[in-house]
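Here, residue 1 is the first one in the sequence, and each next residue gets the next number. Below, all heavy atoms of this structure are taken into account, side chains as well, without hydrogens, waters or symmetry copies.
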Amino acid sequence: MRPLYVPHPPSLALLYGDIENHALLQHKVFVGTAGSVNERSNAAGFRFYAHQYYDGDGKKRETYIAGPIGAPEVEAVLDALRERIRDTQELVPSLRLLGREGFHLVDRKTYATLAAIHNHHLFAGGAVLIGSHAFGVLLNRLAARATPYATEDIDIARRQELAIASATKVTLLDILRESGIAFFEVPGFAPNAPATSFKEQGRSRFHVDLLVPSPDESFPILPVPELGAHAIGLPYLDYLIEESQLAALLSREGACTVRVPLPERFAIHKLIVSQLRSGRSAKSEKDIHQATVLSAVLAKHHPGALEDAVSQVPRHAVRHLKMGLQLAKPILELRAPQAWEALQDLP
């Protein structure tokens with residue numbers, strides 16, 4: 001019988017920890033590849049430095065850095081940039097190694113998008129990455145290898161007004177476009193309904209959804225003024241993101257800091273929302289899979305975490321949790337009995 005997850009060896013867990021510590025110290029990361037520094041001159045003979053790199057859409061970009069070449073203050077800027085490039089390039093072989101060994105690495109577009117969000121300090125200010133990308137981050141932090149789910153969407157949640165500089169006046173759409181990807185606001189289904197989702201132009205299905213807690217089991221559209229945007233309300237999201245942690249998101253281009261839920265709350269919330277998806281069996285199956293995998297890891301390596309998460313479930317969500325757990329029961333009883341023992345005695 002195939003296990004729900006396979007633990008990574010301690011050496012790889014230690015390597016991930018080192019990369020995460022590095023990521024947590026980065027104030028700003030490259031949105032795309034680290035690139036290189038080139039010397040340039042204009043028609044007037046002014047010599048300056050430019051940064052050449054590939055953005056989230058895979059396009060070669062070149063941006064002005066500083067000039068004139070040789071000025072002490074310009075050379076200081078260049079020294080700092082070259083050090084950042086060197087640090088990132090030295091990280092890449094370790095990232096490739098972790099990817100080969102089953103750690104979750106996001107694709108180029110996802111990394112560039114989340115790197116742009118990181119650079120504007122939204123995660124530091126309280127924004128939370130949820131959904132399948134958060135599941136991958138949590139697996140990495142728990143040093144567990146499991147079957148990932150491919151996804152073309154990024155889910156960003158916000159519990160309360162983000163603690164970001166209000167003077168910047170930069171909208172979420174502006175931030176997303178810094179990835180190099182041509183995002184646009186997706187019109188709502190109802191006439192005149194504001195957008196809550198941002199999609200890449202063309203036939204691509206790659207998109208970003210903005211989510212906030214719903215006051216009940218409805219899905220209202222609510223304003224997020226500090227981002228110049230609107231979000232869709234999600235039932236019981238407040239429970240999921242009430243507690244969160246900073247972690248490292250890995251890609252082949254680099255690593256950046258994101259904020260994710262606690263794994264035990266993620267697992268329990270997945271059981272709850274699996275029962276709120278009408279007519280979307282594939283989504284419900286994914287919810288149950290992610291819940292059972294994290295429950296198995298937590299029950300074995302972090303005893304008591306699941307019980308604590310269950311004790312905090314909102315009263316009105318308990319019935320959904322019980323129904324979700326019944327779907328998970330055959331999997332947990334057979335493949336993660338410790339997790340089933342931790343969860344079977346619900347109030």
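- Lys109 and Glu152 are not joined by a salt bridge, as no carboxylate oxygen comes within less than 4.0 angstrom of a charged side-chain nitrogen.
- Within the cation-pi definition used here (under 6.0 Å to the ring centroid, within 45° of the axis), Arg82 qualifies as a partner of Tyr49.
- Counting heavy atoms of neighbouring residues, nucleotides and ligands inside a 6.0 Å radius, atom NE2 of His302 exceeds 12 of them.
- Annotation: ring pair (Phe, Tyr, Trp, His ring centres under 6.0 Å) contacts of Tyr53 (sequence neighbours excluded): His51.
- Remark: Glu253 does not engage Arg96 in a salt bridge, criterion side-chain N to carboxylate O under 4.0 Å.
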Inset, instruction - Check step by step if ring pair (Phe, Tyr, Trp, His ring centres under 6.0 Å) holds for Phe198 and His207. - result: CA-CA 5 Å; Phe198 306 84; His207 66 281; over 10 Å; no
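- We find that Arg145 and Glu101 are not joined by a salt bridge, their nearest charged nitrogen and carboxylate oxygen being 4.0 Å or further apart.
- Checking Asp174 against Thr171 by side-chain atom types alone, a donor-acceptor pair falls below 3.5 Å.
- For the pair Ala50 and Arg40, the tightest heavy-atom approach, listed with the atom from each and the gap, is CB-CG, 4.0 Å.
- Within 6.0 Å of CZ on Phe48 lie more than 12 heavy atoms contributed by other residues, nucleotides or ligands.
- At a threshold of 4.0 Å, the pair Glu200-Arg205 does not count as salt-bridged, since none of the basic side-chain nitrogens sits closer than that to a carboxylate oxygen.
- For the side-chain contact (heavy atoms from CB on, under 4.5 Å) test, residues two or more places apart in sequence or in another chain that qualify with Pro9 are Ser11, Leu12.
- Checked for salt-bridge contact, Glu185 and Lys199 miss the test: no charged N lies under 4.0 Å from a carboxylate O.
- To the nearest 0.5 Å, atom CZ of residue Arg177 and atom CG of residue Leu172 are 11.0 Å apart.
- In the model, His320 has a side-chain atom that pairs as donor or acceptor with a side-chain atom of Glu217 under 3.5 Å.
- For the atom pair CD1 of Ile221 and NE2 of His230, the computed distance is 8.0 Å after rounding to the nearest 0.5 Å.
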